[in-house]
Structure formats: structure tokens, C-alpha cells
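The chains referred to below are lettered A, B, ... by the order of the sequence lines, with proteins before strands, and numbering in each begins at 1. Computed from a predicted model, the values in this text were never measured in an experiment.
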Protein chains: 4
Amino acid sequence: MRRVVQWGDCDPAGIIYTPRAVEFAIETLEAWYRDVLEASWASQPTTHGMGSPVVHVECDYLARLPADQPVALAVYVERIGDASITYRIVCGDGAEREFFRARVVACCLALPERRPKPIPETLRRRIEAYAAAWGNGGTANKGR
Amino acid sequence: MRRVVQWGDCDPAGIIYTPRAVEFAIETLEAWYRDVLEASWASQPTTHGMGSPVVHVECDYLARLPADQPVALAVYVERIGDASITYRIVCGDGAEREFFRARVVACCLALPERRPKPIPETLRRRIEAYAAAWGNGGTANKGR
Amino acid sequence: MRRVVQWGDCDPAGIIYTPRAVEFAIETLEAWYRDVLEASWASQPTTHGMGSPVVHVECDYLARLPADQPVALAVYVERIGDASITYRIVCGDGAEREFFRARVVACCLALPERRPKPIPETLRRRIEAYAAAWGNGGTANKGR
Amino acid sequence: MRRVVQWGDCDPAGIIYTPRAVEFAIETLEAWYRDVLEASWASQPTTHGMGSPVVHVECDYLARLPADQPVALAVYVERIGDASITYRIVCGDGAEREFFRARVVACCLALPERRPKPIPETLRRRIEAYAAAWGNGGTANKGR
């Protein structure tokens with residue numbers, strides 16, 4: 001996912017407003033569910049009887065990210081559990097430089113019952129294929 | 001409604017980001033529905049079988065509104081129609097100075113059918129009492 | 001500008017949150033300044049000694065705009081004044097259907113002095129060329 | 001800091017949109033800098049020749065947080081380093097129930113040079129006094 005940091009994404013310091021980076025990460029993950037898994041968050045309740053609420057998010061800010069900067073955001077699968085998945089979302093300039101790295105843990109919830117359920121097999125297979133193809137997001141900051 | 005313009009409300013020019021002023025206005029109107037009308041947007045579908053979607057919004061930016069500025073936001077009822085209401089939301093410093101003025105038109109929609117319906121009598125009476133007590137938001141910019 | 005309405009753009013009614021449509025319009029206008037005028041808001045103070053603050057915004061909501069809906073946003077120049085420009089931003093499905101129409105008035109401000117100044121000739125010529133090529137955004141709602 | 005979860009804070013699932021919780025936490029921290037430390041982020045460059053950029057943020061989502069829910073947000077100081085501070089921000093219902101817990105690490109940056117610098121003594125003393133009075137935010141989730 002490519003985008004340009006916009007004026008309204010930034011605060012008076014001229015760089016991306018802290019929570020907005022987390023929103024970039026979540027928006028990237030949402031686009032990934034929609035375009036790669038073909039299971040958008042809005043469609044999951046009806047097509048899979050489930051939702052994918054986020055139970056944990058974290059973000060390390062590595063470099064100043066100013067307005068007008070083009071960025072590339074990539075999703076990696078760090079770990080596939082029984083009823084939860086850990087993602088890495090990395091925001092860089094498309095080359096060497098990284099601006100921030102987020103980690104997001106989403107679980108799988110049966111709807112409308114609202115209890116944890118295993119990830120449906122169709123989705124699990126797509127996620128595993130993606131993870132096999134693209135890796136887990138590298139080792140940087142792994143020691144946390 | 002009183003609040004302080006926060007760091008994240010502002011853009012790199014150090015003043016409130018244009019759409020954020022509209023969000024201030026809508027958040028103020030929402031608080032007004034909840035606290036004055038006692039009909040929060042989230043509760044309307046179940047308690048009144050209706051929703052209050054906004055069909056028009058406009059905002060005039062009158063003065064620079066920087067971070068750390070305390071502001072007071074007031075809701076006025078400009079016009080009560082059969083199935084729609086026009087509000088004025090004025091944001092000032094609590095004294096003479098005005099930062100922005102918004103106008104919001106919300107209609108009354110029967111749910112789940114999604115067709116216009118007259119404003120319920122209970123709500124209409126509360127709105128009329130409020131309008132009688134607080135006026136219509138003054139004459140500034142009225143010629144628009 | 002094309003995008004997909006995201007989960008986080010929407011409110012509990014499942015459609016775009018009212019102020020978020022205004023933000024879509026402003027983000028589209030910002031991208032237009034950057035990509036078409038080659039004068040991004042962040043670069044204007046240093047390259048042109050100016051800023052382009054918005055003094056008025058309005059938006060008509062014409063149709064329900066739900067999550068996962070792909071939209072196309074277009075910028076039209078409605079009027080070029082001496083020190084201000086009126087834009088139309090139309091959000092549709094790329095075909096016949098329109099979701100919302102915004103109007104934005106931006107003025108030209110000398111920086112750091114903060115007083116109105118005429119639009120620089122280079123920019124004016126680009127804006128006029130664009131207006132000649134793409135029209136003024138049509139007649140719908142023009143009677144406002 | 002007390003507030004009510006608003007309609008626009010929520011997504012189509014009817015609960016707070018994931019990144020919005022992080023924004024609640026950052027807004028609470030900002031209000032704390034302004035009201036408790038008397039060193040708002042906007043004023044720090046001129047009054048202390050410094051800024052307080054966030055280098056890490058994380059958030060655990062513990063319970064559904066729906067629209068109209070009143071919440072109380074509290075800031076705790078978890079650790080005061082030489083040039084960085086770790087905060088805990090806890091969002092609950094004011095009684096027993098917790099909705100989310102965030103951790104934010106902010107560093108102290110000399111401006112305009114943009115290099116780490118020790119926290120000014122005046123601020124350090126205020127932070128220590130606050131930490132002594134209010135504790136470190138408890139043990140829940142401490143094992144992370």
C-alpha cells in the first residue's frame with residue numbers, strides 16, 4: 001500500500017501525529033483483509049459469521065515522517081495462533097529507510113455470539129500462503 | 001460545551017485542521033442530542049425508531065484557532081421543519097471572539113425503513129423549548 | 001483520486017461519518033495542490049511565501065456511502081477571484097451516482113505577514129488551464 | 001480526564017475504532033502535560049527549548065467500549081529515565097471496569113537541534129511528585 005503523508009496527518013511539529021501512524025497501520029491491515037484475504041471487515045459478519053477485533057496494538061517510531069513524504073506500507077504475518085493472528089506493519093520509503101513499525105494482534109470472534117472461535121480454514125490457508133510468500137517482517141526490534 | 005484545542009487537532013500551520021472544526025461542530029451537536037434532547041444518536045434507533053442523518057453541513061472560518069486555545073461551543077436552532085432541523089454551531093472564546101460558525105441540517109429518518117418521517121412530538125417539544133430559551137444563533141453570516 | 005471507504009471512516013450506522021466526508025474533500029484538494037498545481041500546502045510557505053487557508057467549506061450528502069464502497073473524487077474550479085478560489089469536490093462511484101458534493105473556498109495569504117495577497121501568476125495560469133480543461137463541476141445544487 | 005465515547009469515535013461494530021483509543025490516550029497525555037506539568041506540547045519549544053516526541057506506543061483492548069459510554073482516563077508514570085519517560089494511560093468506567101490500557105514512551109528532544117537532552121529539572125521534579133502521589137498504574141498486564 002502506497003500513500004503520501006498529508007497535511008492533515010501532521011501536527012504542528014510538521015510530522016505525522018502519533019495516533020495517525022497507528023491509523024495508517026490499521027488502515028493498511030484493513031486493506032489487506034479486503035484485497036488479499038478477500039474478507040473485508042465489513043463483510044466478515046455475513047460471509048464468515050465472524051469479526052476480527054484488535055486486542056493489542058503497538059508502534060515504534062523510528063524516524064521523522066513529514067508531510068509530502070511518499071510511504072510504502074507492508075503487512076507481514078508474524079504468528080498464526082488458533083484464534084488469533086499477530087501482524088507486523090512496516091512503513092518505509094520503499095527503499096532502506098523505515099519510519100515506523102507496528103504490531104497488531106487480531107483475534108477471531110464468532111458473531112453474533114461474541115466468543116473466540118478458530119480462524120476459518122479458507123482464511124487460514126490464505127494467510128499461511130501469504131506468510132510463506134512474504135515472510136514475517138524481519139528481525140528489527142524483535143527483542144522487545 | 002467547553003474544550004481546549006489540542007495538539008493533534010492542529011496541522012503544521014499550528015491551527016486547527018479544517019475538517020477538524022467540522023468534527024468539533026458535529027461532536028457538539030451529538031453531545032446536545034445526548035444531554036439536552038436525551039436522545040443520543042446511538043439510542044435513537046431503539047428508543048424512537050429513527051435516525052438523524054446529516055444532509056448538509058457548512059462552516060465559515062473566521063479567525064485563527066491555535067493549539068492550547070480554550071473554546072466554548074454553543075448549539076442554536078435556526079429552523080425546525082417538518083422532518084428536518086437546521087442548527088447553528090458557534091465556536092468562540094466564551095467572550096466576544098468567534099473562531100468559526102457552522103450550519104448543520106439533519107433530517108429525521110424512520111428506521112429500519114429509511115424514509116423521511118416527522119420529528120417525534122416529544123423531541124419536537126424539547127427542541128422548541130430550547131430554541132425559545134436560547135435563540136437562533138444570531139445574525140452574523142445570515143445573508144448567505 | 002480514487003479510494004475505498006474504509007471501516008474506520010464509518011460510524012455505527014455503517015456509513016461514512018459526516019465530518020469524514022469533509023476530510024475526504026480536503027484531502028482530495030490537498031492532493032490536487034500537490035500533484036496538479038505542484039504547490040503542496042507544506043511547500044507553499046518556502047516556495048511561494050504564501051499559504052492557502054480554507055475560509056469556507058460546505059457539503060451536501062446525497063446518498064448513503066457505506067464501508068468497502070470504491071469512490072472517485074474530482075476537483076473542479078468554480079470561480080477564481082483575485083485572492084481566493086472556490087472549488088467543487090464531487091465524490092461519486094465513477095459512473096452516474098454521486099455520494100456527496102463539497103464546496104471549498106481557499107484564500108491566498110502572504111506568509112509570514114498573514115495578509116491576503118493575489119494568487120501568484122504561475123499558479124493562476126495552472127488553475128485556469130485546469131478549469132478550462134475540466135469545467136466547473138456541473139450544475140447540480142448550483143442554486144444554493 | 002472524563003469524556004463520553006462519541007458516535008464518531010466508533011466504527012460500524014458500534015465500538016470505539018481501534019486507533020481512536022490510542023488517540024484518547026495521547027489526548028489524555030497531552031492534557032496532562034498542559035494541566036499537570038504546565039508545559040503544553042505547543043509551548044515547550046519556546047518555554048523549554050524542547051519537544052516531547054513519542055517513540056513508542058502500545059495499547060491492550062480489554063473490554064468492548066461502545067458509544068455513549070462515559071469513561072475516565074488516568075495517567076500514571078511508570079518509569080522516569082534520563083531523557084525519556086514511560087507513561088501508563090488507563091481507561092475505565094471510573095469504578096472497577098477497565099476498557100483499555102496504553103503505554104507511551106516519550107523522549108526529551110532539544111529544539112531546534114533535535115538531539116536527546118535530559119528532562120529539565122523543573123519538569124522532572126513535577127513528574128516525580130506526581131508519580132509519588134499517584135503510583136505507576138498498577139500491575140495488570142505488567143508481565144508483557
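Note: B/Val54 leads B/Val54, B/Val104, B/Val105 in heavy-atom pairs under 4.5 Å with chain C.
A distance of 8.0 Å separates OH of C/Tyr17 from CG of C/Asp11, quoted to the nearest 0.5 Å. Atom CZ of B/Arg64 and atom CD1 of B/Ile16 lie 12.5 Å apart (nearest 0.5 Å).
Annotation: side-chain contact (heavy atoms from CB on, under 4.5 Å) contacts of B/Ala31 (sequence neighbours excluded): B/Met1, B/Arg34, B/Asp35, D/Gln6. For B/Trp41, there are no side chain to side chain donor-acceptor pair (under 3.5 Å) partners, not counting sequence neighbours.
Under 3.5 Å, the side chains of C/Ser52 and C/Gln44 contain a donor-acceptor pair of N or O atoms.
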Please report, to 0.1 Å, the donor-acceptor pairs under 3.5 Å made by any side chain of residues 112-123 of chain B, with sequence neighbours excluded.
from	atom 1	to	atom 2	distance (Å)
B/Glu113	OE1	B/Leu111	N	3.4
B/Lys117	NZ	B/His48	O	3.2

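Among the residues in residues 18-26 of chain C, those with a non-hydrogen atom closer than 4.5 angstrom to a non-hydrogen atom of chain B are C/Thr18, C/Pro19, C/Val22, C/Glu23, C/Ile26.
Salt bridge absent: C/Glu58 and C/Arg101 never bring a charged side-chain N and a carboxylate O closer than 4.0 Å.
Heavy-atom distances place no part of C/Phe100 under 4.5 Å from chain B, backbone and side chain included.
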